[in-house]
Amino acid sequence: MLTVCVRPEHLQNGDVLHLPILNIEQLGHETHIIVQLADQTWTIKWSGQHAFKIGEILSLQPQHLLFFDTETEVLL
């Protein structure tokens, strides 16, 4: 079995995933955007300040996907 992962800073603007924004954290040097994907919440980390609203749909393109063996947790 295979597990696919992506780092929070590797989710970029795009048209592959369309996810609702649950929360936004403005941290000065970066913005954390919390979105819903099925039964999981994901945190996206972008440099700088971004003006989003809770409930807005964010369109994303994953970059640099990581693949792991689910049993051994070894990076493939």
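Heavy-atom basis, side chains included; hydrogens, waters and symmetry copies ignored.
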Partner residues of E9 under the salt bridge (charged side-chain N to carboxylate O under 4.0 Å, His left out) criterion, sequence neighbours left out: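 Salt bridge (charged side-chain N to carboxylate O under 4.0 Å, His left out) check on E9 returns K45.
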Hydrophobic cluster membership, [X] vs [Y], 4.5 Å side-chain cutoff:
X	Y	answer
V6	L75	no
L2	L65	yes
V35	L17	yes
L19	I21	yes
V74	F67	no

Between [atom1] on residue [X] and [atom2] on residue [Y], distance to nearest 0.5 Å:
X	Y	atom1	atom2	answer
T3	E71	OG1	CD	10.0 Å
L11	H64	CG	NE2	11.0 Å
L22	L37	CG	CG	10.5 Å

Close side-chain approach of L66 to H10, heavy-atom, < 4.5 Å: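 With C-beta onward as the side chain, the pair stays apart.
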Mind listing the side-chain donor-acceptor pairs of residues 48-63 below 3.5 Å, one per line with the distance, residues two or more places apart or on another chain?
unit_1 : atom_1 : unit_2 : atom_2 : d
Q49    : NE2    : G28    : O      : 2.8
H50    : NE2    : S47    : O      : 2.9
E56    : OE1    : K53    : N      : 2.8
S59    : OG     : H18    : ND1    : 2.8

W42 side-chain N/O to I33 backbone N/O, donor-acceptor pair under 3.5 Å: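 Side chain of W42 to backbone of I33: no pair is present.
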Shortest non-hydrogen separation from W46 to N13 and the atoms involved: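 Shortest heavy-atom separation between W46 and N13 comes out as CH2-OD1, 3.3 Å.
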Exercise: do H32 and E30 side chains pair donor with acceptor under 3.5 Å: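 Yes - a donor-acceptor pair under 3.5 Å links their side chains.
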